[in-house]
There are 2 protein chains.
Amino acid sequence: MADTARRPDHRYGNRPTMKDVAARAGVGLKTVSRVVNGEPGVTPDTVRRVQEAIEALGFRRNDSARVLRKGRTASVGLVLEDLADPFYGPLSRAVEEVARAHGALLINGSSAEDPEREQELALALCARRVDGLIVIPAGDDHRYLEPEIRAGVATVFVDRPAGRIEADTVLSDSFGGARTGVAHLVAHGHRRIGFIGDRPRIHTAVERLRGYRAAMAEAGLPVDEAWVSLGSTEPARVRQAVAAMLSGPEPVTALFAGNNRVTVTVVRELAPRTRPVALVGFDDIELADLLGITVIAQDAAALGRTAAQRLFRRLDGLHDAPERVELATTLVPRGSGELPPA
Amino acid sequence: MADTARRPDHRYGNRPTMKDVAARAGVGLKTVSRVVNGEPGVTPDTVRRVQEAIEALGFRRNDSARVLRKGRTASVGLVLEDLADPFYGPLSRAVEEVARAHGALLINGSSAEDPEREQELALALCARRVDGLIVIPAGDDHRYLEPEIRAGVATVFVDRPAGRIEADTVLSDSFGGARTGVAHLVAHGHRRIGFIGDRPRIHTAVERLRGYRAAMAEAGLPVDEAWVSLGSTEPARVRQAVAAMLSGPEPVTALFAGNNRVTVTVVRELAPRTRPVALVGFDDIELADLLGITVIAQDAAALGRTAAQRLFRRLDGLHDAPERVELATTLVPRGSGELPPA
DNA sequence: GTGAAAGCGCTAACAA
DNA sequence: TTGTTAGCGCTTTCAC
């Protein structure tokens with residue numbers, strides 16, 4: 001009986017609203033709002049009555065409505081490449097922790113390294129009116145974000161720089177890391193060193209290759225272009241590159257792997273071979289210590305944390321020029337990078 | 001001049017609204033709405049005018065308002081333990097893919113294995129009016145979700161069952177997997193087998209221990225309680241457990257590790273030892289193939305995908321009784337589990 | 001200490 | 001084909 005009197009238009013599966021709570025408690029709507037938000041100026045007795053009504057009805061404030069009115073969503077968006085990649089898990093988690101400390105929720109999205117999907121995702125997050133956006137770029141043109149940034153969406157780029165716009169950016173020192181890693185191989189006597197990296201569209205791939213070339217040049221070593229391979233990190237592609245570099249009359253004696261996925265495949269590929277090949281990989285990998293893999297480690301969590309902190313400082317009203325932070329990498333020698341040339 | 005005439009109360013950093021677009025294009029508000037949503041019944045010429053205004057103003061629809069009106073947020077929440085754990089990355093990613101296929105965004109939150117934080121997060125997501133919720137429980141009492149579920153929030157539990165409420169659940173066969181793994185060790189001649197698992201509050205830990213006991217019992221082997229250790233997955237705690245089981249006059253000759261983190265620590269702990277100890281771990285690990293670690297593999301992505309599919313079927317109106325799905329695990333022999341007793 | 005009214009930006013229902 | 005009105009559930013403002 002009573003039920004038939006309900007608003008037929010009620011959304012959210014017939015959830016009670018503040019109005020319902022107010023009616024039940026016999027108070028005004030605003031009083032319920034005050035109680036729900038812990039605002040002062042309500043008699044303890046009234047508070048109790050309202051709370052009882054809330055309990056009885058199973059009321060929970062609709063934050064969508066609140067957001068609409070207040071203009072801030074207390075949420076930030078994170079567009080990354082692939083949450084399943086062990087590099088991005090810790091990064092995302094670090095962002096989440098900072099967001100949590102600021103009372104904000106995190107909306108994640110994976111671009112799958114597709115620029116269109118990155119844009120689609122980022123704009124969808126903007127339509128949700130996230131307060132801020134952290135982007136690990138897949139594309140190299142971010143002018144599509146200009147209106148959003150102008151409209152007040154704080155935006156920070158991580159791991160790779162923004163394309164064609166000025167924005168806060170937090171990077172690892174890819175160039176320096178790769179240079180250090182390759183110099184390490186050179187120091188152990190290698191002269192023919194191969195570089196297997198990610199697609200040339202990706203900034204870090206290019207920077208790391210630049211680091212490789214710098215180290216080789218500084219050692220006075222020539223680079224045979226057959227020693228350089230950029231492309232997809234698909235195992236098949238990487239395997240082929242390894243095979244090519246290790247065949248012929250003058251095979252490389254050492255390899256530099258441009259990121260974690262490349263390293264994994266290279267390690268698998270080298271394992272069954274008899275002739276030892278030295279290896280340094282960019283990015284640390286779980287259990288790399290047990291496998292004795294020498295790496296250039298970057299701190300994914302620090303990247304995420306730094307970016308998120310910057311974001312929230314912007315949201316707190318910071319207004320200076322966009323900043324570019326570069327985090328140092330660490331050479332972790334574990335054996336594979338210290339092998340002498342075969 | 002013109003600026004001073006602006007509404008002083010404008011939120012979202014002075015973003016244009018449909019009203020602004022309508023004014024600029026010289027059309028009605030609803031016409032803008034039609035164009036933005038691609039609804040039919042608008043003259044191509046009008047569409048063009050509206051689109052020009054949208055472009056010029058940098059308008060983007062405010063989905064918060066849309067959500068408030070439509071009652072569906074096109075977003076789902078995922079409460080998991082720790083996004084930085086390599087087990088949850090793929091799971092989360094799989095959920096995201098299904099959500100994306102249904103046009104929904106994913107809001108992630110990590111409970112850090114803290115029941116209170118799980119509840120806080122889940123309820124915050126409900127306040128955002130996510131359409132559905134996927135929970136990897138940290139706690140064992142989910143009655144706090146009852147009002148939400150009754151109010152229409154589709155809810156699916158993954159990896160561990162819900163506590164004290166009926167709900168859709170997607171699990172891996174922890175009991176069967178552990179039993180298979182331990183039986184495998186028995187088949188290779190072991191009689192004294194240790195079990196090192198997660199905290200006893202965690203369902204999977206208990207189930208896997210149960211599998212261990214079942215396999216031992218089925219083989220007619222006694223279980224010395226000194227061979228069983230449940231607790232935190234902190235490396236220190238695990239190391240201590242390993243040390244204890246491998247010392248004394250009758251040390252275990254094989255170990256069963258209750259999850260990925262335990263396995264990693266056990267492997268590190270066993271590596272420097274001379275006496276070989278057989279090992280089977282629950283959960284697969286990257287590079288475990290190269291280290292020759294025998295594991296009981298569960299498919300994290302399949303868990304996430306299955307749960308998300310169930311969730312969206314609920315959102316599409318499915319109304320049958322809560323279902324419990326148990327996904328099979330796979331024994332992957334790689335050497336460590338096939339070692340004979342020392 | 002409390003409540004009524006207005007309005008956040010959008011969509012549904014209806015009118016023109 | 002297009003526009004007007006009402007209202008989603010909340011917070012803000014201001015009056016009582």
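This one's a predicted model, so the numbers in the text were calculated from it and none came from an experiment. Letters A, B, ... are given to chains in the order of the sequence lines, protein chains preceding strands, and every chain is numbered from 1.
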Sugar-phosphate only, base, or nothing, as touched by A/Asp63 at under 4.0 Å among non-hydrogen atoms: nothing
Between C1' of C/dC10 and CZ of B/Arg15, the distance in whole Å: 15 Å
Basic-acidic side-chain contact under 4.0 Å: A/Arg305, A/Glu97: no
B/Thr31 side chain, from C-beta outward: closest of D/dT2, C/dA12, C/dC10: D/dT2
Test: B/Asp140 and B/Arg201 ion pair at under 4.0 Å: no
Nucleotide nearest A/Val27 when distance is taken to its side chain, options D/dC10, D/dA6, C/dG3: C/dG3
Gap between atoms CZ and P, on A/Arg128 and C/dC8 respectively (whole Å): 22 Å
Ion pair B/Asp168/B/Arg314, N-O distance below 4.0 Å: yes
Residue whose closest nucleotide on DNA chain C lies nearer the 5' end, A/Pro40 versus B/Met18: A/Pro40
Cationic N near anionic O, under 4.0 Å, B/Arg310 to B/Asp320: yes
Among D/dG3, C/dT2, D/dC10, the nucleotide that comes nearest once only the side chain of A/Leu29 is considered: D/dC10
Nucleotide nearest A/Leu68 when distance is taken to its side chain, options C/dA12, C/dT2, C/dC8: C/dC8
Closest to the A/Arg69 side chain, choosing from D/dG3, C/dC10, D/dT11: D/dT11
D/dG3 base / B/Arg34 side chain donor-acceptor hit below 3.5 Å: yes
Atom-to-atom span, CZ of B/Phe59 to C1' of C/dG9 - whole angstrom: 8 Å
B/Glu166, CD: over 12 other non-hydrogen atoms inside 6.0 angstrom: no
Nucleotide D/dG9, atom P - distance to CG of A/Asp20 in whole Å: 8 Å
Rounded distance in Å - NZ (B/Lys19) to C1' (D/dT5): 14 Å
Spacing of B/Arg66 atom CZ relative to C/dA12 atom C1', expressed in whole Å: 12 Å
Side-chain N,O (A/Lys30) to OP1/OP2 (D/dT12) below 4.0 Å: no
Below 4.0 Å: OP1/OP2 of C/dT2 and any side-chain N or O of A/Thr46: yes
Out of D/dG3, D/dC10, C/dG9, whichever nucleotide has its closest atom nearest the side chain of A/Asn62: D/dC10
Distance, rounded to the nearest Å, where A/Glu39 contributes CD and D/dT13 contributes P: 11 Å
B/Arg49 CZ to D/dT1 C1', straight-line distance once rounded to whole Å: 12 Å
